[in-house]
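Notes follow the structure.
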Amino acid sequence: MSNISILCVGKIKEKYWNDAIAEYSKRLSRYCKLQIIEVADEKTPDNAPPAIEEQIKQKEADRILKHIDDHAYVCALAIDGKKYDSVAFSDFIQDKGLKGYSHIQFVIGGSLGLHESILKRADSHISFSDMTFPHQMMRVILLEQIYRGYKISSGEPYHK
């Protein structure tokens, strides 16, 4: 059974997001060992200058890097990353296992995105859209697509 970790910035406070995360986590337990690691986010002042935003992203990156597994395949979620349809994303996950990776780590940044140090450390970048989503929603979308990917690779039906 493969290991999937989601490294993310910030805690989710809203019950409806936590309920969705719990549901997909439960569904995924048949297919993989899932771990969600939350690191603290930094408060971003309104109209923060670019230098302050860079410092904030660096602090969040430092926290994320402490949880990166040297033996894992690390995939950063980034707006300029590669786009997949659901079948190709399923193949992506399965391909990592075939190439000897028993652990995939997906990294979701905070409200300012990911620091360059995380993007450089990542083995690949994935984009789910050219649009920006709240990180809480992105966590649910990622979990749903991982679940869909396992259903596809197992040849099990899943609504389209």
Side-chain angles (χ1 to χ4, degrees), residues 1-12 17-18 20-42 53-129 132-156 158:
M1 184 174 280
S2 60
N3 293 308
I4 301 277
S5 296
I6 299 175
L7 308 177
C8 37
V9 175
K11 295 229 179 279
I12 294 187
W17 291 129
N18 281 314
I21 290 164
E23 177 62 28
Y24 282 110
S25 297
K26 183 177 85 176
R27 291 182 187 190
L28 277 165
S29 67
R30 293 183 50 210
Y31 302 101
C32 66
K33 183 173 177 267
L34 177 68
Q35 182 180 28
I36 297 175
I37 300 167
E38 296 174 330
V39 301
D41 57 345
E42 290 289 315
E53 288 190 353
E54 190 65 18
Q55 287 176 354
I56 289 168
K57 289 197 298 187
Q58 179 67 63
K59 286 179 184 176
E60 292 173 347
D62 291 344
R63 293 177 188 137
I64 290 168
L65 287 167
K66 290 178 185 170
H67 296 282
I68 297 281
D69 176 348
D70 288 339
H71 303 292
Y73 185 91
V74 179
C75 182
L77 274 62
I79 204 160
D80 62 350
K82 182 173 176 164
K83 292 184 181 75
Y84 294 89
D85 63 24
S86 294
V87 172
F89 185 64
S90 175
D91 291 343
F92 169 84
I93 292 171
Q94 296 311 310
D95 179 63
K96 298 308 154 227
L98 293 173
K99 290 194 169 141
Y101 291 100
S102 61
H103 190 186
I104 302 172
Q105 292 186 304
F106 292 95
V107 185
I108 302 173
S111 61
L112 298 175
L114 290 168
H115 187 264
E116 191 63 31
S117 62
I118 299 291
L119 296 172
K120 284 183 178 162
R121 168 56 186 90
D123 297 301
S124 66
H125 301 167
I126 286 184
S127 172
F128 281 80
S129 173
T132 302
F133 296 107
H135 61 94
Q136 303 94 321
M137 183 183 292
M138 197 60 241
R139 203 179 304 185
V140 174
I141 292 169
L142 175 60
L143 285 167
E144 190 280 335
Q145 284 298 302
I146 293 168
Y147 174 67
R148 184 181 295 266
Y150 278 111
K151 294 286 279 187
I152 289 167
S153 66
S154 299
E156 299 171 27
Y158 193 78

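The shown structure was predicted, so the numbers you read here are calculated from the model rather than taken from an experiment. We number each residue from 1, following the sequence as shown.
From S127, atom OG reaches atom CG of L77 across 8.0 Å, with rounding to the nearest 0.5 Å. We find the SG-NZ distance between C75 and K82 to be 11.0 Å, quoted to the nearest 0.5 Å. Separating the CD1 atom in I146 from the CZ atom in F92 is a distance of 10.0 Å, to the nearest 0.5 Å. With rounding to the nearest 0.5 angstrom, the CG atom of N18 is 9.5 Å from the CD atom of Q136. To the nearest 0.5 Å, atoms NZ (K151) and OH (Y31) are separated by 4.0 Å.
By the neighbour-count criterion of 12 heavy atoms within 6.0 Å, atom NZ of K26 is sparsely surrounded, having that number or fewer from other residues, nucleotides or ligands.
Side-chain atoms of S25 come within 3.5 Å of backbone atoms of I21 as a donor-acceptor pair (strictly under, hydrogens ignored). No donor-acceptor distance shorter than 3.5 angstrom exists from the side chain of H135 to the backbone of G10, with no hydrogens or angles considered. In this structure, Q105 contributes its side chain and L7 its backbone to no donor-acceptor pair below 3.5 Å. Side chain of D41 to backbone of G110: no donor-acceptor contact under 3.5 angstrom is found.
A salt bridge links E156 with R30: the distance from a Lys NZ or Arg NE/NH1/NH2 to an Asp or Glu carboxylate oxygen falls below 4.0 Å. No salt bridge links R139 with E144; every basic N to acidic carboxylate O contact stays at or beyond 4.0 Å. With respect to E23 and R27, a salt bridge is recorded, a charged nitrogen being found less than 4.0 Å from a carboxylate O. Residues R63 and E42 are paired through a salt bridge, judged by an N-O separation under 4.0 Å between the basic side chain and the carboxylate.
Between F89 and F128, the ring planes are perpendicular. Angles over 60° get that label, and only those under 30° would be called parallel.
With respect to I64, the side-chain contact (heavy atoms from CB on, under 4.5 Å) criterion is satisfied by exactly one of I37, V74, V107: V107.
Residues S5 and H103 have side chains that bring a donor and an acceptor to within less than 3.5 angstrom of each other.
Q58 meets the side chain to side chain donor-acceptor pair (under 3.5 Å) test with D62, H115; sequence neighbours excluded.
Within the cation-pi definition used here (under 6.0 Å to the ring centroid, within 45° of the axis), K96 qualifies as a partner of Y73.
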